[in-house]
Each structure stands twice: as structure tokens, then as C-alpha cells.
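Comments concern the structure below.
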Amino acid sequence: MLAWGPLVLACAAGQGPRDSAGSASGSPEDGATTGAVSSTEAGSDLDPSGPDSTGADGAGTESNPDGTGGTSGTDGVMDPSSSSGGASGCVGEPVVHFVYFVEADQVFSDQQRSDIEDFAFEFQQYWFEQLGSTFYLAQPVVEVIMADHESGWYVETADGIHGDPRWYRLGNIKNEVYAKLGIENFDPLHRVVNYPIARFDGRVGVNFGGAWMDGDDMTCIPDDGPTFPYDDNGPAHCMGHVAHEFGHVLGLAHEGPEQDCMQFGFYDSVGGTGMCDFYPDNVAAILDDPQNAGWLNAEPGQTCVPAR
């Protein structure tokens with residue numbers, strides 16, 4: 001198991017994203033449970049007065065999870081037979097899982113699953129362009145989890161991680177996803193990008209080696225355009241949104257020049273809707289971080305069967 005030090009992120013007002021940063025150790029912030037996850041909320045991203053990030057108000061499109069989306073596997077994880085990408089004999093390398101999380105009161109859509117799959121390959125390509133190398137995607141590329149509870153349960157039920165109810169949803173979804181995928185917090189071979197269907201105030205976060213998005217992103221993934229998660233209708237680029245959160249997974253805080261994805265996060269400039277980039281210092285920090293050793297050995301389009 002990798003030894004992860006505490007990562008506690010704070011956003012300057014009007015700057016960083018409203019997100020939660022996970023910590024395996026250290027003192028809690030904002031009422032988080034000691035020894036679990038620490039969260040700070042400030043600025044434009046996690047401010048309770050101006051909920052942040054992605055979210056979609058719809059319940060998804062009509063499609064039956066027992067149909068074209070694949071067959072139901074163990075513990076509510078579906079294995080879509082239509083998932084593309086070749087493993088090329090790769091087994092057991094570190095992988096990034098993209099998860100389509102279907103709450104019990106939402107409707108599975110194979111189109112949404114397919115959109116996430118396409119987006120996952122675009123995300124892999126994006127990081128190759130930023131870093132000169134990229135990660136393997138898990139095979140299947142999208143793992144569909146048919147959730148145990150309706151969407152409200154994740155919001156209202158204490159998660160055993162956070163002392164602040166604003167973050168119960170993030171922790172509850174994380175707990176269920178990791179249990180159903182059979183992986184651990186800060187697993188040295190697995191990282192996760194999770195997309196639920198339901199929207200809960202646009203709040204996203206980073207905890208225990210995963211990026212936990214909100215339902216809004218389901219609306220911008222198909223065309224990789226902007227989303228508008230903020231109360232003031234400020235834009236966030238769909239790819240930039242998750243790139244910022246995954247930057248935290250790769251070890252970055254809210255640092256770098258103003259135009260960096262980790263600062264404005266989500267878009268290329270104040271009021272802009274274009275895609276942000278990672279500047280050289282942040283690229284170097286990712287490549288030099290020993291916790292990322294072995295993670296960036298793939299090329300775009302490559303998938304790998306994960307170790308279980």
C-alpha cells in the first residue's frame with residue numbers, strides 16, 4: 001500500500017473549484033472525522049452559499065440495464081459487452097476506472113454509458129497531450145454500478161467519513177463504489193473517476209484516490225463543451241472540470257499560474273469556456289511525484305484488465 005500524506009486543499013475566494021480533498025491521515029477540517037478524510041470548502045468551488053461543479057437535473061434517458069447496456073454482474077456491477085478498447089494482453093497494470101453510477105431512482109441509459117466511454121478515451125488522450133504519457137483505462141472502460149439506494153439517501157445519510165453533511169454524498173458514493181469494485185482507499189493499482197446520474201448542487205470532490213463528479217457533467221460529456229454548474233451561471237469546461245479534480249488525484253493542490261487548470265480550473269480564463277492546460281511546473285510535479293510512478297506507461301487508446 002502506498003503511503004499517502006495528508007492533502008488538504010483550500011480555495012481562494014473566486015478562484016479554485018468547490019471540491020473536497022481526501023486525506024488518509026492528519027487532523028480534520030470542517031468537522032471531518034480524524035484519520036479519515038479532510039475537507040476544506042472556500043471560494044467558488046465548495047462554498048455552501050454557491051454550490052459548485054457539475055450536475056445535471058435530469059434523471060437520464062430511457063434504457064433498461066438488462067438490455068443493450070450489458071449483463072448484471074456481482075455486487076451490482078455491470079460488464080457492458082459493448083465496451084471498446086483493446087487490452088493487448090495487458091493485465092494488472094495500474095488503471096483508471098470510469099464508473100457510471102446509477103442511483104436506484106434513476107434510469108440507466110446505454111447512450112450515457114457510451115458517452116462516458118468515448119469521453120474516457122478523450123480524457124486519456126488529453127493527459128497524453130499534457131504529460132507526454134498517459135494511464136491505462138480499465139477494461140471494461142466503463143463499469144456500470146446499479147446503486148443500492150435512491151439518490152436522496154446518499155445526501156442524507158452520514159457517511160462515516162465527514163462531519164459536514166454537505167459531503168455525505170461524496171463519501172457514501174465512494175464507499176459503495178470501492179466496495180463493489182473490490183478496491184481499497186488509495187489503492188496502488190486503481191484510481192476512479194465516478195459519474196452519477198443525479199445532480200446534487202454541483203459539488204464535486206477528490207477523496208481516497210478518486211474523483212467524484214456530479215450529475216451536471218452528464219449533460220456536457222456528449223459534446224465535450226461547457227457546463228454551467230455555478231449559481232451565477234459561470235462556465236466550466238466539461239473536460240477541464242474533471243481534469244482539475246484528477247489533477248488533485250495526481251498530487252496537485254490549487255497551484256500554478258492563474259490560467260492553469262488547478263487555478264481557474266475547468267476553463268481557460270475568467271469568463272472563458274475553452275479548455276485549460278497544465279503549466280510546466282505542474283506537469284513536472286506530476287511526473288516527479290513518486291506516488292505516480294508506474295501510472296503513466298500507456299499510450300492513448302490502451303486499456304488493461306485490472307488486478308482484483
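F246 and F123 have their aromatic ring centers within a separation under 6.0 angstrom. Checked against the 6.0 Å centroid threshold, H244 and H237 do not count as a close aromatic pair.
Side-chain atoms of Q112 and Y195 include no donor-acceptor pair closer than 3.5 Å. D115 and Q111 share a donor-acceptor pair across their side chains, judged by distance under 3.5 Å alone. Between the side chains of Q139 and T303, at least one donor N or O sits under 3.5 Å from an acceptor N or O.
In this structure a side-chain-to-backbone donor-acceptor pair under 3.5 Å is missing from D260 to N282. Under a 3.5 Å cut-off, the side chain of D105 and the backbone N or O of E150 do not form any donor-acceptor pair.
Atom CG of D289 and atom CG of L250 lie 8.0 Å apart (nearest 0.5 Å). Atoms CE and CE, from M213 and M218 in turn, are 11.5 Å apart once rounded to the nearest 0.5 Å. A distance of 10.0 Å separates CZ of R191 from CZ of F135, quoted to the nearest 0.5 Å. To the nearest 0.5 Å, the span separating OH on Y100 from CD1 on I116 amounts to 6.5 Å. F186 CZ to Q291 CD: the interatomic distance, rounded to the nearest 0.5 Å, is 8.5 Å. Atom-to-atom distance recorded for Q124:CD and F119:CZ is 13.0 Å, nearest 0.5 angstrom.
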One pair to check against side chain to side chain contact (heavy atoms under 4.5 Å, CB included): L137 and F98. What are the steps and the verdict? CA-CA 8 Å; L137 294 170; F98 272 71; 3.9 Å; yes
Test R203 against R166 for side chain to side chain contact (heavy atoms under 4.5 Å, CB included), laying out the working first. CA-CA 9 Å; R203 186 166 292 128; R166 291 176 297 174; 3.4 Å; yes
Check against side chain to side chain contact (heavy atoms under 4.5 Å, CB included), K180 and D148: CA-CA 10 Å; K180 289 186 174 180; D148 293 338; 2.7 Å; yes
Do E103 and I197 pass the side chain to side chain contact (heavy atoms under 4.5 Å, CB included) test, and can you show the C-alpha distance, the side-chain angles, and the key distance before you say yes or no? CA-CA 7 Å; E103 298 93 333; I197 291 180; 3.7 Å; yes
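Salt bridge status for D159 with K174: absent, with no side-chain N to carboxylate O gap under 4.0 Å.
C90 is not listed as a side-chain neighbour of Q302, based on a closest heavy-atom distance of 4.5 Å or more. When side chains are defined from C-beta on, H190 counts as touching V95, because their heavy atoms get closer than 4.5 Å. Inter-residue side-chain proximity for N207 and H162 is flagged as met; some heavy-atom pair is nearer than 4.5 Å.
Cluster membership check: M239 does not share its hydrophobic cluster with Y279, using side-chain heavy-atom separations under 4.5 Å among Ile, Leu, Val, Met, Phe, Trp and Tyr. Hydrophobic cluster membership differs between F200 and Y168, with clusters built from Ile, Leu, Val, Met, Phe, Trp and Tyr side chains linked at under 4.5 angstrom.
Residue G210 comes nearest to Y178 through the heavy atom pair N-OH, 3.5 Å, listed as atom of the first residue, atom of the second, then distance. In terms of heavy-atom proximity, E93 sits nearest to G294 at OE1-O, 4.5 Å. Closest of all the heavy-atom pairs between A211 and V249 is N-CG2, 4.1 Å. The minimum heavy-atom distance linking W295 with P188 is given by the pair CZ2-O, 3.5 Å. For the pair H248 and L252, the tightest heavy-atom approach, listed with the atom from each and the gap, is ND1-O, 2.8 Å. For the residue pair A307 and L189, the shortest heavy atom distance occurs at CB-CD1, 3.9 Å.
By the side chain to side chain donor-acceptor pair (under 3.5 Å) test, T134 pairs with no residue at all, sequence neighbours left out. Not counting sequence neighbours, the partners of V177 by the side-chain contact (heavy atoms from CB on, under 4.5 Å) test are V99, F101, I145, I173, L181, V192, N194, W212. Q125 is linked by a side-chain contact (heavy atoms from CB on, under 4.5 Å) to F128, E129, P300, counting only residues two or more places apart in sequence or in another chain.
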